[in-house]
Amino acid sequence: MADREVIIITESVRQSWLRDASSVAAFVALIGIGVVLDSNAMQWTGAVLGFMTIIDRSVRLFRQNRFTIEQARQRLDEIEAESPPAPKSKKARESVRA
């Protein structure tokens, strides 16, 4: 079976800001609830999740599978040119005969 390749279309600046704001809000909420409830465990949970998210986001920056729409189309054309033609289904063969 051929290797699968994931192509991610780059999000807009607005979408990126909204995603980042929601992440920050989640950390502030977890840590804030921990402060209000005087719960060190809740504060640490928020901090650990925050650090894990920062690490995840930085790792994603170094991956090379983020493309603009034009770059994604070009990459799909390259993949299509590299791959052998797909076998026709039984239905397609029957429609060609008719």
Side-chain angles (χ1 to χ4, degrees):
M1 182 176 214
D3 291 335
R4 291 181 184 230
E5 183 171 343
V6 177
I7 296 176
I8 299 171
I9 305 298
T10 306
E11 62 195 358
S12 71
V13 175
R14 181 174 180 263
Q15 290 171 326
S16 177
W17 277 98
L18 288 173
R19 186 173 47 102
D20 292 343
S22 66
S23 297
V24 169
F27 309 139
V28 169
L30 281 173
I31 294 172
I33 291 171
V35 170
V36 169
L37 296 177
D38 195 27
S39 170
N40 285 333
M42 183 71 82
Q43 294 174 36
W44 275 103
T45 301
V48 168
L49 288 175
F51 289 129
M52 289 173 54
T53 300
I54 290 169
I55 291 169
D56 178 58
R57 297 268 171 93
S58 63
V59 167
R60 288 183 187 188
L61 285 176
F62 292 105
R63 292 185 182 161
Q64 298 299 320
N65 62 344
R66 291 189 171 271
F67 299 104
T68 62
I69 293 175
E70 293 80 23
Q71 292 169 331
R73 284 186 183 128
Q74 181 181 0
R75 181 62 187 136
L76 288 171
D77 290 340
E78 291 171 4
I79 293 171
E80 192 173 77
E82 293 170 2
S83 65
K88 291 185 178 180
S89 67
K90 184 177 180 183
K91 234 180 195 180
R93 286 190 300 252
E94 288 174 0
S95 66
V96 171
R97 289 183 206 164

Q. Any chance CD of E78 has more than 12 other-residue heavy atoms, nucleotides or ligands included, within less than 6.0 Å?
A. yes
Q: Could you tell me whether D77 atom CG has more than 12 heavy atoms of other residues or ligands within 6.0 Å of it?
A: yes
(Q) If hydrophobic clusters are built by linking Ile, Leu, Val, Met, Phe, Trp and Tyr wherever their side-chain heavy atoms come under 4.5 Å apart, do L49 and I33 end up in the same one? (A) yes
Q. Do you reckon V35 sits in the same ILVMFWY cluster as V24, going by side-chain contacts under 4.5 Å, direct or chained?
A. no
(Q) Measuring from atom CZ of F27 to atom CZ of F51, what distance do you get when rounded to the nearest 0.5 angstrom? (A) 10.0 Å
(Q) I need the minimum non-hydrogen distance between M42 and L30, along with the two atoms involved. (A) CG-O, 3.1 Å
Q) Taking the side chain as C-beta and beyond, is there a heavy-atom pair between R14 and L18 under 4.5 Å? A) yes
